[in-house]
Amino acid sequence: MGQWRSLAKEALDRTAIVANFLCLLHVTSNYLCSPTLVYGPSMLPTLNLTGDVLLAEHVSPRLGKAGPGDVVLLRSPVDPRRTLTKRVVGMEGDTVTFFVDPMRTDTCQTVVVPKGHVWIQGDNMYASSDSRHFGPVPYGLIQGKVFFRHHGNVLNSSSTGISSPYDS
C-alpha cells in the first residue's frame, strides 16, 4: 500500500508542476508578452511580406500607453477571430486626413477620432484594410504593442527593432 501511495503522491506532484507551468504560460502570453508571426503586404516596407516574428507586450495598451507611431496588434473590428498588425496614426480628438481610395483617386477626407478610439493604418496604403475602410477603432481592441521584430529568414537574419518607414 505504501508503494501506491508514494506513486500517487509523485504523480500528483508532477501534475501540479505541469499545471503551474501552464498557468504561468497563460499569464505570460496573455498579460505580459507574446510572440506573433505576421505576414502580408499591409505593413510593407516595415514588416516583411513573407513573415516576421514580432514580440508584443500587453501592459502598455492596458495602461493607455499606446500612441501615434506605435505598431500594435489588435482584434479586427470586422472579424473578431482575426488579429491585425497596424500602426496607430491618431488618438481620440486628433484630426486625421487620409486618401479615401489611393488606387483610384486622390480624394482626401478628414475625420476627428472620437473619444475612446484610435485611427490605425497599414504602412502600405495600397494594400491595407484599416481605419480608412472601417473607421476609428475602439482603444479596447488593442491587444499589444510591438517592441521587437525578427525579420527575413528566421534562421539566417539579424534582429532589429520596429521603426516607421518614414524615419530618416
Side-chain angles (χ1 to χ4, degrees), residues 1-44 46-92 113-124 128-131 133-165:
M1 187 70 169
Q3 178 183 3
W4 289 107
R5 181 172 289 167
S6 172
L7 192 60
K9 182 178 179 350
E10 184 175 338
L12 191 60
D13 287 345
R14 289 184 185 210
T15 302
I17 290 171
V18 169
N20 285 334
F21 173 75
L22 292 175
C23 288
L24 179 64
L25 188 62
H26 170 76
V27 168
T28 300
S29 68
N30 286 310
Y31 301 105
L32 298 177
C33 174
S34 64
T36 304
L37 175 63
V38 297
Y39 53 91
S42 75
M43 285 298 289
L44 282 172
T46 304
L47 300 179
N48 203 349
L49 179 67
T50 58
D52 286 329
V53 177
L54 305 178
L55 286 179
E57 55 91 8
H58 305 288
V59 177
S60 294
R62 285 188 168 87
L63 298 176
K65 302 287 186 187
D70 290 337
V71 175
V72 295
L73 301 178
L74 64 141
R75 180 84 46 212
S76 169
V78 178
D79 180 3
R81 295 172 296 177
R82 292 188 60 218
T83 299
L84 305 177
T85 305
K86 303 292 179 194
R87 187 176 302 277
V88 176
V89 175
M91 302 296 288
E92 67 180 59
V113 181
K115 184 174 179 156
H117 289 69
V118 295
W119 188 269
I120 52 127
Q121 286 183 206
D123 290 346
N124 181 0
S128 179
S129 179
D130 48 37
S131 287
H133 300 96
F134 44 73
V137 176
Y139 189 89
L141 293 181
I142 296 177
Q143 296 178 322
K145 184 167 117 178
V146 175
F147 70 93
F148 182 81
R149 168 186 68 174
H150 192 284
H151 62 92
N153 183 340
V154 176
L155 298 176
N156 298 320
S157 177
S158 64
S159 301
T160 63
I162 293 289
S163 63
S164 171

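Atom set for the values below is all heavy atoms of this structure, side chains included, hydrogens, waters and symmetry mates excluded. If you're wondering where the values come from, they're calculated on a predicted model, not measured in any experiment.
Closest heavy-atom contact between Ile142 and Ala66: CD1-CB, 4.5 Å. Residue Val137 comes nearest to Pro77 through the heavy atom pair CG2-CG, 4.2 Å, listed as atom of the first residue, atom of the second, then distance. Contact record, His58 with Ala56: NE2-O, 3.7 Å, taken as the closest heavy-atom pair. In terms of heavy-atom proximity, Lys65 sits nearest to Tyr139 at N-OH, 3.5 Å. Contact record, Cys33 with Leu55: SG-CD2, 4.3 Å, taken as the closest heavy-atom pair.
Ion pairing of Asp70 with Lys145 is present here, as a side-chain N (NZ or NE/NH1/NH2) and a carboxylate O approach within less than 4.0 Å.
The shortest side-chain heavy-atom distance between Ser128 and Lys86 falls under the 4.5 Å cut-off. The closest side-chain heavy-atom distance from Pro68 to Met91 is below 4.5 Å. Side-chain contact between Leu54 and Leu47: present, with at least one pair of heavy atoms (C-beta onward) separated by less than 4.5 Å.
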>> Run the side chain to side chain contact (heavy atoms under 4.5 Å, CB included) test on Thr83 and Thr36 for me, step by step, so that the C-alpha distance in whole Å, both residues' side-chain angles and the decisive distance to 0.1 Å come before the verdict.
In response: CA-CA 10 Å; Thr83 299; Thr36 304; 5.7 Å; no
>> Checking Ser76 against Phe134 for the side chain to side chain contact (heavy atoms under 4.5 Å, CB included) test, could you report, in this order, the C-alpha distance in whole Å, the side-chain angles of both residues, the deciding distance, and whether it holds?
In response: CA-CA 10 Å; Ser76 169; Phe134 44 73; 5.5 Å; no
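When each of Val146, Val71, Asn124, Leu49 is tested with Met43 by the rule side-chain contact (heavy atoms from CB on, under 4.5 Å), just one qualifies, namely Val71.
Distance check, rounded to the nearest 0.5 Å: OG1 of Thr15 to CG of Asn20 gives 11.0 Å. With values rounded to the nearest 0.5 angstrom, Arg62 atom CZ is found 9.0 Å from Gln143 atom CD.
Checking side-chain atoms of Arg75 against main-chain N and O of Leu141 turns up no donor-acceptor pair under 3.5 Å. Side-chain atoms of Glu92 come within 3.5 Å of backbone N or O of Gly116 as a donor-acceptor pair. Side-chain atoms of Ser131 come within 3.5 Å of backbone atoms of Ile120 as a donor-acceptor pair (strictly under, hydrogens ignored).
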